[in-house]
Amino acid sequence: MKRYEVIIVGGGLAGLTAAIDLAIKGREVLLIEKHAYPRHKVCGEYLSGEVLPYLQTIGVELPLGIAIDTLSWSVPGGRPVETRLPLGGIGISRYGLDALLYQKACDSGVRVLIDSVIDIKAGPGYFQVRTKERVYECRVVLGAYGKRESLDKTLGRQFISRKSPWLAVKAHYHCQEWPDHQVGLYTFKGGYGGPSKTELGTVNFCYLVRYDSFKRYGNMTEFTKEVISENKELRQFLQHSEMVFDKPLTIAQISFGTKNPGNNGLLMIGDTAGMIHPLCGNGMAMAIHSASIAARLVQQYLSSSSTDLQSLQRKYSSQWQANFRKRLMIGSALQTVLLNDTMASLSQATIARSPRLLRAVIRATHGKDISV
Ligand SMILES: Cc1cc2nc3c(=O)[nH]c(=O)nc-3n(C[C@H](O)[C@H](O)[C@H](O)COP(=O)(O)OP(=O)(O)OC[C@H]3O[C@@H](n4cnc5c(N)ncnc54)[C@H](O)[C@@H]3O)c2cc1C
């Protein structure tokens, strides 16, 4: 049986980034992804600028993205507050971004397999990764399979036993009125969402909502009319736009619970390690950043004669916590405030008087430019 140096389970942003980085460092990488590329994914599609210099260092240029430097924010009944985003970012579709990274991974020598991983077993200094088709062996496994999967249950991860009330919906729209340089963050009863332009010329509108708020209306049309349109900015956006997709994409059971970035010698990256609330607009950057941390430590591990996977996991977990734990906590507190009508109105009034405060909050949920 062929033994790889690294197997990466899941080829979203985290998995593809780690695969490219490790392949460039000379490692033999197998990436297993269950869906073929390209495809649309539920995501706000605003990529924070902090990871762009790092992506360049691994040869990923993003010529396609739309430059975004302004956040527009409002609660129902409140006037929108606009502020400049401290680092700025780009609007780029996951359809385009994941496909570009996939191409780069293939060009860098990563072997990409379209298959589904169903189990991972750790032996002394090596792993066996089982897909629907066969078993592969390797020295290191990176778990990059996203928010919540049946694999979490197989691996005995605790967070999976807790149900999550969150549902997300996304579609692309034609909308001439939406300004290129702006990302929206607008709340409504039980949720929030925001439009932003993509390189495809369409505007992505993605929202997150509690399932109990959604289910009272029975269908998306009613929910949009009765709840989302309570926010004037969203009402105007929807009135002036036309959906490009046949129907919106949806995902349920989005879990923001605490996870472990390491599991029995496996290193978890991206959403598999922990998920920041989407209102922070930082999940993609965190996925890429965590991949860069893991790639650096895995390279050191493979260059040594060590087989001490527990020590590798401890090092990675401690760096992951140092970089992301505080951001996750602030994101969670922000979501609580914004989804409480009284607290959200009070914060809107405070921030309208001092938009600087909003910039300080944004800084607290984002990293600095990452370099490697
Ligand atoms: C509503 C919403 C809006 C968001 N908006 C933004 C935003 O505007 N900006 C931002 O920065 N972040 C945003 N995020 C967060 C962002 O989408 C995620 O943080 C990011 O996608 C994480 O990337 P990932 O690689 O960890 O996971 P993913 O991109 O989900 O990739 C995981 C991959 O693993 C594959 N996979 C799963 N199971 C298996 C298996 N068993 N075998 C093989 N492959 C498998 C999946 O098919 C998938 O391709 C948003 C999230 C939500 C829910």
Side-chain angles (χ1 to χ4, degrees), residues 7-19 30-51 68 71 89-94 97-99 101-102 112-120 129-133 141-155 164 166-170 183-185 191-196 198 204-209 248-256 259 268-291 294 324 328 331 365-367:
I7 292 182
I8 299 177
V9 181
L13 295 183
L16 286 164
T17 303
L30 171 67
L31 182 143
I32 309 176
E33 161 58 45
K34 71 174 172 183
H35 295 292
Y37 301 90
R39 70 182 178 107
H40 286 287
K41 272 187 177 170
V42 174
C43 181
E45 305 191 329
Y46 166 76
L47 175 63
S48 171
E50 71 214 53
V51 289
I68 293 178
L71 170 73
I90 59 172
I92 186 162
S93 72
R94 293 299 299 274
L97 180 56
D98 289 36
L101 292 173
Y102 162 65
V112 181
L113 189 74
I114 304 298
D115 199 349
S116 198
V117 172
I118 53 174
D119 198 7
I120 305 167
V129 175
R130 181 178 295 279
T131 71
K132 283 185 178 160
E133 301 293 326
V141 174
L142 298 183
Y145 50 87
K147 301 162 195 41
R148 189 183 177 101
E149 284 294 325
S150 49
L151 193 52
D152 287 311
K153 205 169 182 185
T154 314
L155 295 176
S164 165
W166 298 105
L167 172 80
V169 181
K170 161 243 180 82
V183 57
L185 174 57
Y192 57 84
S196 63
T198 74
N204 178 44
F205 173 48
C206 182
Y207 64 86
L208 184 82
V209 62
L249 300 179
T250 55
I251 46 172
Q253 292 282 332
I254 303 163
S255 174
F256 300 106
K259 301 174 180 174
M268 304 304 195
I269 57 178
D271 286 355
T272 317
M275 193 171 166
I276 192 162
H277 288 270
L279 61 89
C280 301
N282 204 232
M284 291 200 270
M286 278 178 48
I288 291 169
H289 190 171
S290 62
F324 305 122
L328 291 181
T365 56
H366 286 62

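Bear in mind that the values here come from a model prediction, so they are computed numbers and not experimental data. Atoms within a ligand are numbered from 1 in the order they appear, just like the ligands themselves.
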So if I count the atoms of ligand 1 from 1 in the order they appear, which ones are less than 4.0 Å from some heavy atom of A144? 32 (C), 33 (C), 34 (O)
Looking at K147, which atoms of ligand 1 are within less than 4.0 Å of one of its heavy atoms? 30 (O), 53 (C)
Strictly under 4.0 Å, does any heavy atom of G281 approach an atom of ligand 1? yes
Closest heavy-atom approach to atom 20 (C) of ligand 1 among D152, D271, D98, T154 is made by D271
Counting each atom of ligand 1 from 1 as listed, which ones have a heavy atom of N282 under 4.0 Å away? 10 (C), 11 (O)
Answer with yes or no whether L47 contacts ligand 1, where contact means a heavy atom under 4.0 Å from a ligand atom. no
Part of R39 within contact of ligand 1 (heavy atoms, under 4.0 Å): side chain
Show me which atoms of ligand 1 lie under 4.0 Å from any heavy atom of I32. 43 (C), 44 (N)
Could you find the nearest protein heavy atom to atom 7 (C) of ligand 1 and give me its residue, atom name and distance? Y46 O, 3.7 Å
C206 N/O under 3.5 Å from ligand 1 N/O: no
Residue portion contacting ligand 1 (non-hydrogen atoms closer than 4.0 Å) for E149: side chain
Return the option from K34, R148, M286 holding the heavy atom at the smallest distance from atom 44 (N) of ligand 1. K34
Using a strict cut-off of 4.0 Å, indicate which atoms of ligand 1 neighbour a heavy atom of M275. 51 (C), 53 (C)
Identify the residue among V51, L97, I276, T17 that makes a side-chain contact (heavy atoms from CB on, under 4.5 Å) with M284. L97
Using heavy-atom distances only, which candidate in Y207, Y192, Y145 approaches atom 36 (N) of ligand 1 most closely? Y145
Between A14, P278, G44, which one has a non-hydrogen atom sitting closest to atom 8 (O) of ligand 1? G44
Atom indices of ligand 1, in the order listed, that fall short of 4.0 Å to a heavy atom of H35: 47 (O)
Ranking R94, K170, K41 by closest non-hydrogen atom to atom 21 (O) of ligand 1, top hit is R94
May I have the step-by-step check of side chain to side chain contact (heavy atoms under 4.5 Å, CB included) for I7 and I120, ending in yes or no? CA-CA 10 Å; I7 292 182; I120 305 167; over 6 Å; no
Which ligand 1 atoms does A168 reach within 4.0 Å, using its non-hydrogen atoms? 1 (C)
